[in-house]
Amino acid sequence: MSLLSGKCGVIVGVANKRSLAWAIAQAAAAQGARLLLTYQGERLGENVRELAATLPEPPVLAQCDVTVDADIAALVETAERELGGVDFLVHGVAFAPREALAAPFVETSREAFRIALDVSAYSLIALANAVAPSMERRGGGSVVSLTYLGSERVFPNYNVMGVAKAALEASVRYLASDLGPRHIRVNAISAGPVKTLAAAGISGFSAILQIYRDRAPLRRNIEAAEVADAALFLLGDAGRAVTGETLMVDAGFHIMGM
Ligand code: NAD
Ligand code: IMJ
């Protein structure tokens, strides 16, 4: 039996073939899910259209900037019209202004803080609230977001993104508490570093990959497909008693003291 057969899902955060959200989209489609993929703006639309054409069933596509309330409302209307409703939501969106990831954290501007928290954390609350009525009508649902260990520990240059991920993980717990009685689960996957667009141009990223490879119990880095397999667990029936959790998918890196 396919893990997500008959289920309809919205996936936010596909930019290109390296996106963690794209790995989840491919895995979910292979498990029989019907999908709506969003793209941030027309600049990425062409990319996402080309990727979408490689899936077994063509997904519905919709433009959605998560900082625009009207885009989120329109997204849910499109999901209702084209899919008939939503059973799961994948949130794979993060952004901080580049200068905030380059200068010392203590110099973070009010505007960079606002943008990082709005795009990377508040967007989960807005999207979860928008899809919840549809999920509730269909008997429940599952929401999965993506986070990073920089929420708990200090990593060079992660800076205000670490603060945004701390807010995201706390939001996962508060959302799980609010939405649990409506049979909606909310979880996050904390992934080890993967070379995606969000890692491009981050100085020292190759060194970070090497440190993970050296110190993680499994002595290797992780792949996007491994994040996707963990997402299938949380999105599907196997994860039915798991909510409010941050699941570490990092080859064990986080357990080490030295
Ligand atoms: P990515 O660049 O492919 O994905 C980030 C996505 O965010 C892009 O699709 C981008 O279009 C989208 N986005 C940014 N601002 C947006 C906005 N205003 N509206 C709509 N979409 C917007 O990189 P990724 O690594 O796949 O990142 C996905 C998630 O995984 C992020 O939350 C990231 O923090 C998390 N994560 C990544 C890693 C890693 O090492 N790559 C590790 C742990 C967690
Ligand atoms: C990003 C920056 C610094 C260190 C980092 C990362 N490490 C990892 C990432 C160690 C793993 C990737 N990551 C987990 C992210 O969440 C990235 C978010 C991000 C990346 C960019 C780059 C381009 C830009 N703004 C960004 N905003 C958020 O302009």
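The shown structure was predicted, so the numbers you read here are calculated from the model rather than taken from an experiment. Atoms within a ligand are numbered from 1 in the order they appear, just like the ligands themselves. Heads up: numbering here begins at 1 and tracks the sequence.
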Q: If we set the cut-off at 4.0 Å for heavy atoms, which region of A199 has an atom near ligand 2: side chain, backbone, both, or neither?
A: neither
Q: Would you please determine whether G41 falls within less than 4.0 Å of ligand 1 on a heavy-atom basis?
A: no
Q: Looking at CG of L149 and NE2 of H254, how far apart are the two atoms once the value is rounded to the nearest 0.5 Å?
A: 8.0 Å
Q: Tell me whether R220 is salt-bridged to E226, with the criterion being a basic N under 4.0 Å from an acidic carboxylate O.
A: yes
Q: If hydrogens are left out, which of L146, T147, I202 has an atom nearest to atom 43 (C) of ligand 1, that is, the closest non-hydrogen atom?
A: T147
Q: In the protein, what heavy atom is nearest to atom 12 (C) of ligand 2, and what distance, to one decimal place, separates them?
A: A198 O, 3.9 Å
Q: Using a cut-off of 6.0 Å, state whether more than 12 heavy atoms not belonging to F205 lie near its atom CZ.
A: yes
Q: Give the residue, atom name and distance (to 0.1 Å) of the protein heavy atom nearest atom 8 (C) of ligand 2.
A: F205 CE1, 3.4 Å
Q: Do any nitrogen or oxygen atoms of S19 lie less than 3.5 angstrom from nitrogen or oxygen atoms of ligand 1?
A: yes
Q: Pull out every atom of ligand 1 sitting under 4.0 Å from any heavy atom of P193, numbered as shown with elements.
A: 40 (O)
Q: Should you measure from each heavy atom of L44, which atoms of ligand 1 turn up under 4.0 Å away?
A: 11 (O)
Q: Side chains of V143 and L124, heavy atoms from C-beta outward: is any pair under 4.5 Å?
A: yes
Q: For atom 4 (O) of ligand 1, which protein heavy atom lies nearest, and how many Å away is it?
A: G13 O, 3.6 Å
Q: When you compare ligand 2 with A96, is there at least one nitrogen or oxygen pair between them that comes in under 3.5 angstrom?
A: yes
Q: Under 4.0 angstrom from ligand 2, any heavy atom of F95?
A: yes
Q: Less than 4.0 Å between a side-chain N and a carboxylate O, is that true for R137 and E80?
A: yes
Q: Under a 4.0 Å heavy-atom limit, does C64 contact ligand 1 with its side chain, its backbone, both, or neither?
A: backbone
Q: When you measure from atom 33 (C) of ligand 1 to each heavy atom in K17, R18, Q40, K165, which option holds the nearest one?
A: K165
Q: What is the nearest protein non-hydrogen atom to atom 21 (C) of ligand 2, stated with its residue, atom name and distance?
A: L101 CD1, 3.6 Å
Q: So V66 and V12, do their side chains get closer than 4.5 Å, heavy atoms only?
A: yes
Q: May I ask you to check whether Y148 has an N/O atom sitting below 3.5 Å from an N/O atom of ligand 2?
A: no
Q: Does any N or O in the side chain of R240 come within less than 3.5 Å of the main-chain N or O of L234, such that one atom is a donor and the other an acceptor?
A: no
Q: Is any side-chain N of the basic residue among E223 and R18 closer than 4.0 Å to the acidic one's carboxylate O?
A: no
Q: Going by distance alone, is a donor N or O of one side chain under 3.5 Å from an acceptor N or O of the other, for S206 and K195?
A: yes
Q: Rounded to the nearest 0.5 Å, how far does CE of M135 lie from CD1 of I184?
A: 6.0 Å
Q: May I ask you to test the V10-V90 pair for a side-chain heavy-atom distance under 4.5 Å?
A: no
Q: Hey, looking at atom 5 (C) of ligand 1, which of G92, A199, A198 has the closest heavy atom?
A: G92
Q: In the protein, which heavy atom is nearest to atom 3 (C) of ligand 2, and how far is it?
A: I202 CG2, 3.4 Å
Q: Out of R98, K165, K195, M161, whose heavy atom sits nearest atom 29 (O) of ligand 2?
A: R98
Q: Check each atom of ligand 1 against the heavy atoms of V119 and keep those under 4.0 Å away; list them by number with element.
A: 15 (N), 16 (C)
Q: Can you pull out the closest protein heavy atom to atom 7 (O) of ligand 1? Residue, atom name and distance to 0.1 Å, please.
A: V93 CA, 3.5 Å
Q: Please write down residue, atom name and distance for the protein heavy atom closest to atom 18 (N) of ligand 1.
A: D65 OD1, 3.0 Å
Q: Please report the interatomic distance CD(E245) to CG(N187), rounded to the nearest 0.5 Å.
A: 7.0 Å
Q: Taking distance alone, with N or O pairs closer than 3.5 Å, would you say V66 contacts ligand 1?
A: yes
Q: List the closest protein heavy-atom neighbour of atom 13 (N) of ligand 2: residue, atom name, distance to the nearest 0.1 Å.
A: Y158 CE1, 3.6 Å
Q: What is the closest protein heavy atom to atom 31 (C) of ligand 1, and at what distance does it sit?
A: A94 CB, 3.6 Å
Q: Would you sort out whether F155 and Y148 count as a ring pair (Phe, Tyr, Trp, His ring centres under 6.0 Å), showing the intermediate values?
A: CA-CA 10 Å; F155 288 84; Y148 180 60; 5.2 Å; yes
Q: Just so I know, are the side chains of H91 and L127 near enough to count as touching, which here means a heavy-atom distance under 4.5 Å?
A: yes
Q: For atom 24 (P) of ligand 1, find the nearest protein heavy atom and state the residue, atom name and distance (0.1 Å precision).
A: T196 OG1, 3.4 Å
Q: Looking only at protein heavy atoms, which one is nearest to atom 36 (N) of ligand 1, and how far off is it?
A: L20 CD1, 3.9 Å
Q: For ligand 1, which is the ligand I care about here, please tell me if V194 has any N or O atom under 3.5 Å from one of the ligand's N or O atoms.
A: yes
Q: Within the 4.0 Å heavy-atom shell around G192, which atoms of ligand 1 are there?
A: 40 (O), 42 (C)
Q: Decide if atom CD of E57 counts as having more than 12 heavy atoms of other residues, nucleotides or ligands within a radius under 6.0 Å.
A: no
Q: Using a 4.5 Å cut-off on heavy atoms from C-beta on, say whether the side chain of V60 contacts that of L37.
A: no
